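Please read the structure below before turning to the comments.
Computed from a prediction, not measured in an experiment: that's the story for all the values here. Remember, it's 1-based here, ligands and their atoms both numbered in the order they're listed. If you read the sequence from its start, that first residue is 1, and numbering goes on from there.
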Amino acid sequence: MTKTRILTGITTTGTPHLGNYAGAIRPAIVASRRSDVDSFYFLADYHALIKCDDPARIQRSRLEIAATWLACGLDVDKATFYRQSDIPEIPELCWLLTCVAGKGLLNRAHAYKASVDKNVEQGEDPDAGVTMGLFSYPVLMAADILMFNAQKIPVGRDQVQHVEMARDIGQRFNHLFGKGKELFAMPEAVIEEEVATLPGLDGRKMSKSYDNTIPLFSSSKQLKEAIARIVTDSRLPGEPKDTDGSHLFTLYQAFSTQEQQRAFREELHGGLAWGEAKNRLFELLDAELGEARERYAALIARPADLEDILLAGAAKARRIATPFLGELREAVGLRSFREQVQVAGETKKKAVKSARLVSFRDDDGSFRFRLLDAAGEQLFLSRAFSDGKAAGQASKRLQSVEELDIRQQDSGFAVYLDGEVVAESPAFADAAAIQVAIASVCEALKPQE
Ligand code: TRP
């Protein structure tokens, strides 16, 4: 069975909250269990460095995120789970891609543009505070994706543009170095429509930047306190509550069965007090997360075990990355000199062969031929012949005369047969270039032994 390769990265700057869990972690783990899926999930800790210069926070977040995915049930025998910074092939590929990524393409990246717009608005230099890390963020992300030829990339809407850039960059690389073969598969962003973005305590999207999150693995007590801070309307106990506009109900919905939702809705319509409603939500979440919370605590308490798990994941990922990068280095011309000697020999033979005389019919119907060098540059162009046979004879004779009659003129040269010009070169930059071109003509037209 051909499996679909799914890949996604998690930037390690924060502590996972309930929104991350429902929106990303839970669906990713569900997908990783499918038999027709080969999943790659990784800690994007190089990306984290772009946003955060606090080493303690980076380290803490990597640990917490790794523990979270494992506690939530990711099976690392089935999925490939690793830290980006344990795969040296990724920054190396990033450089190969940087060399083909258009600066103009990256100028259009939303994250970079937003920084520039903000600077301009505040009368600052447009690039104030913008690092090369931020600017090339999408290239590193393209390397993450293309390294493993991932096909489906589950991401939030804000990341769709980056996945499209990975396609653009990969396509360009394929075109330049693939020799008709697809070195990279084309990735596609997937936004899971039914995993609604969870509302936070204040009803806006749950996000660290709004400080409205419910932590995923806090103690029961902290979970209760967070839920107590959910904003509701001011309807009193006994008054019917509107479930449609209630983000408390939306949160409940994300973790309950249809049956539970129906019962809860009825109670709210029937006048259940908001305080009671919060208790129901607490019980629901506490039950859903309780076991995982214990696993999480156990994992966090044994960081050396986590290290081993991640290093094993990195080794698994590198079994793909190392040979593939070798192929890519080969494709761009970073090759061992041992092989290069042979390749150079071959190229030379080919170069002699592939300098070629090409005959063609001009727009006015006359017959001409031209001599092209191996790179396709024109070395000379013949005069116009009114009949094709005469043109053919002239070109044949040029390849059989003992000594070519070539005379320098103006900024090029002319080729003579029987004292008459039969072909002229284009203009060259200087006398040295003319000499090189003349030498190429002699070499190309030398009668074959
Ligand atoms: N930039 C992504 C984010 O902030 C994280 C990420 C890094 C990623 N590399 C990736 C996601 C590759 C998908 C694929 O959400």
Within 6.0 Å of CG in D211, more than 12 heavy atoms from elsewhere: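 No, not enclosed.
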Candidates T68, L285, T15 - the one meeting side chain to side chain contact (heavy atoms under 4.5 Å, CB included) with L216: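 Of the listed options, the one satisfying the test is T68.
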Within the 4.0 Å heavy-atom sphere of ligand 1, strictly under, residues: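 Ligand 1 is contacted, at a heavy-atom distance under 4.0 Å, by L7, T8, G9, T11, F42, A44, H47, Y137, M141, D144, I145, I153, V155, Q159.
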Return a table of donor-acceptor pairs under 3.5 angstrom between the side chains of residues 431-438 and protein atoms on other chains or two or more places apart.
unit_1, atom_1, unit_2, atom_2, d
Q435, NE2, Q408, OE1, 2.9

Any side-chain donor near an acceptor of the partner, Q159 and H162, under 3.5 Å: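 Distance-only check passes for Q159 and H162.
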Cation-pi, Y210 ring and R204 (6.0 angstrom, 45 degrees):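 Yes.
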NZ or CZ of R280 within 45° of Y252 ring axis and under 6.0 Å: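 Judged by the rule, R280 and Y252 form no cation-pi pair.
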